[in-house]
Every structure is written in C-alpha cells, then in structure tokens.
> 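Structure provided below as structure tokens; questions to follow.
Lettering follows sequence order; numbering is per chain, from 1.
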2 protein chains.
Amino acid sequence: MAAKPRPSQRAVPVIGEDSRAGAEAARLDLGILEGHLGYFVRRLQVEIFQQLITALAPFNVRPAQFSVLVLIERNPGQPQAAIARSLNIERAALAKMLHELERRGWIQRLPSVDDGRSHALFLTGAGEDALTRIKALAQDHERRLERRLGARRYRELAALLKDFG
Amino acid sequence: MAAKPRPSQRAVPVIGEDSRAGAEAARLDLGILEGHLGYFVRRLQVEIFQQLITALAPFNVRPAQFSVLVLIERNPGQPQAAIARSLNIERAALAKMLHELERRGWIQRLPSVDDGRSHALFLTGAGEDALTRIKALAQDHERRLERRLGARRYRELAALLKDFG
DNA sequence: TATTGTTATACTCTATAACTATA
DNA sequence: TATAGTTATAGAGTATAACAATA
C-alpha cells in the first residue's frame, strides 16, 4: 500500500502560541505528545541536567556523582546499599561510581563495625572541600533555573513535585 | 586524616513527613538535594518512563521511538532533520532509529522532490495500524499516571510545564 | 560554504547475571 | 536463605567527528 504517497511536503510551520520574533526553525505538530506529561517532564529534565553538567564541569562531576557526595556528607557512615536505595541507583552502578570518587580522594570506605559485609562511607577532608565548592556551583545553577522558569512557576513546580514522593 | 572516624552508624531513619505504615527502608537525609528542582524532575521522569516502557512492551517500542512515530504521522513528508530538531534528538541518533523502524516495516523514506539531500518520511499502512494501538497503550498509561499523581496535581503540573517552552 | 543523511567512536546510564563473603 | 559489595556484559542515550551528496 501507499505506493504513491502524496508528497504532502507542507513547509508551513505549525507553530503554537509561541511565535516569538525570529523563531529559528519550524516546530512540527506534536500531536498526542501534547497530552503526555512525560514528554514535558523529560524535556525539562534534559535541559536542567545539561545546564547542571555545564555548571559542574570545572570539577568534572556528573549529577549522579553530586547526589552521591551530598548523601554521604549528610549521612556519614552509611553503607552503599542505603545510598543506592535512597537515590534509586543500582548497587552495581554505585560501586563503580564510588571507585571513581575514591580514586579522586574524595571518599573513604571503611569496614563497618556492625556488619562485616558492608562498607561505611565517609567524605575525606579533600572531599568535603570539593563538595563545598561544588554545592556553591550547583546553587548558582539553581538560581539561574529559578530565573529561567520565573520565580512563581519555579516555586509551584517545586511544591507539586516535592509533595508527591 | 580521619584515621579513626566515628562510626556514626545511626540506624535511625531520617524520614520526612511521609511516614506511611511499614516504610520499608530507611530514607536518608537528602540535604541540599531538597532544594534542587532537577532532582525531583529527574525522579518523576524516570518513574514515568519506566512505566511507559512497560506499557509499550507488547510492541517493543521505546519512548523516543514512540515520539518519532507520532511526529511522522502528524507531519508526513517531513525530512529527518525537521523531526530531529523538533524532538531534540541528534540527527545521527535519529538515523539509527529510523533504520530500525524501517526494518519493522513501519515507516518509509522517499526521496524528497524539493531537496535531493533529504528523505521524506511517511508511516506505512502497517505503521499506522501499529501506532494506533501503541497510542491506545500510551493513553492507558497516561490515565494511570493521572490517577497516581491525583487529577489536580496532574493538571497543574501539565499546565506549568506546557507553558514554559 | 552550509545542510542532509550516514557511519563510526566514545562515554554515560541502566539492567542483569554471577560471584564472594558475610549474615 | 538472604544481603552487601564486586565484576562483567549488553543495550540505550548522548555527543562528536568525519564523510559524500547536494544546496
């Protein structure tokens, strides 16, 4: 079928309500995607992470590494499994990540006194120093995001997302 | 340093306002992550996509493939670059994805009449049939998501995310 | 010169499975 | 038997660079 499909090449851009000056490229019709929350959540998440990665580039830290460092700082002595559960990271992935953070001299793994199987995680002094500066960069990023979204939208989004856990 | 770090193994779970019955595992203190919108956007996005992937599993379709099929259906004859731009997908990644969709017999690439470099994209009959059913599964998923978030929160989130473009 | 589609590479993430050592 | 940590693998997503054909 469709041996001779109509070449319905409509160069007419289907733009939505957003018709700013010099809209660079034609936006296509999103169809049913307009009704899918996940599409918009994904786009926002990608934009935020791209900017966060750029913001943390001076320390070559990825968002996931940042979140692990923060949890270790706030919950010293916890085993890997607890960190992994709290952040929804696979144990295997976390182990690899911790090797890298240990190689950089930012974290320590000490044998747990309670449980011979587990490691108690701590930041080193260098890790604390690095994280202090990384957190400052992350806060700058967050303030830029707040400006980008507008203070009201930022606040409402945060409230909606936080009380759904 | 920290030759003898205090074994501050506090098994006391730091739980927030969410103290449901049988809170399975101790939630750790998220620290500064509580103030980062990206953290919560990411968690929601991961949950939505995991459920969507499960919902679309009968057709072995990934979210990105789904969005490409929808855009081709709604914008027949468009070249690959237009799809890639609209969905924020790399041209190279889209080319690979289209090969797979073509292999399944869901899409066609015809030489563009306007531009010798580009391919005009169309769904095949089989592609239209598949997409009709895939969209139904996606809609079921969306209704589950709406129930999961609550109708009010779902509606407010959608409104906030859609008008930020 | 710039753009379209393509191939190739690399790196991250994610998901599994299998293994050890402990519980 | 279950759990903690490790290693290995495979798949998907993302980001680049390079190339041929065309504009």
> Would you name the heavy atoms of B:Ile53 and B:Pro63 that are closest together and state the gap between them?
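Smallest heavy-atom distance, with atoms named: CG1-CD, 3.6 Å.
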> Nearest to the side chain of B:Arg42, which nucleotide is it out of C:dT6, D:dG13, C:dC13?
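Nearest nucleotide to the side chain: C:dC13.
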> Using a heavy-atom cut-off of under 4.0 Å over every strand shown, decide if A:Gln50 touches base, sugar-phosphate, or nothing.
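A:Gln50: backbone/sugar contact only, no base atoms under 4.0 Å.
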> Between D:dT14, C:dG5, D:dT7, spot the one nearest the side chain of B:His119, thanks.
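The closest nucleotide is C:dG5.
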> Where the side chain of A:Glu90 is defined as all heavy atoms beyond and including C-beta, which of C:dG5, C:dT16, C:dC13 is the nearest nucleotide?
C:dT16
> For D:dT3, does OP1 or OP2 lie under 4.0 Å from any side-chain N or O of A:Gln80?
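No, no such contact exists.
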> Could you please name the option among C:dC13, D:dG5, C:dA15 that lies closest to any side-chain atom of A:Arg109?
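Minimum distance to the A:Arg109 side chain belongs to D:dG5.
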> What nucleotide among C:dA23, C:dT16, C:dC13 has an atom nearest to a side-chain atom of A:Arg117?
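So the side chain of A:Arg117 is nearest to C:dA23.
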> Would you check if A:Trp106 and A:Ile134 make a side-chain contact, meaning some heavy-atom pair closer than 4.5 Å?
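A:Trp106 reaches A:Ile134 side chain to side chain.
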> Taking the nucleotide of DNA chain C with the nearest heavy atom to each, does A:Ile89 or A:Gly116 sit closer to the 5' end?
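So the residue in question is A:Ile89.
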> Of the options C:dT4, C:dT7, D:dG13, whose atoms approach the side-chain atoms of B:Ala95 most closely?
C:dT7
> Tell me the interatomic distance from B:Glu47, atom CD, to C:dT14, atom C1', rounded to whole angstroms.
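Distance, rounded to whole Å: 17 Å.
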> Apply side-chain contact (heavy atoms from CB on, under 4.5 Å) to residues A:Lys135 and A:Glu73 and explain how you reach the verdict.
CA-CA 11 Å; A:Lys135 285 194 293 187; A:Glu73 181 192 39; 3.0 Å; yes
> What is the distance from NZ of B:Lys96 to C1' of C:dA10, rounded to the nearest Å?
12 Å
> When you get a sec, tell me which of D:dA23, D:dA12, C:dA8 is the closest nucleotide to the side chain of B:Ala92?
C:dA8
> In plain terms, say whether A:Arg152 and A:Glu156 are close enough for a salt bridge, that is, a side-chain N and a carboxylate O under 4.0 Å apart.
yes
> Would you mind telling me which of C:dA23, D:dA23, C:dT7 lies closest to the side-chain atoms of B:His99?
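Of the candidates, C:dT7 comes closest.
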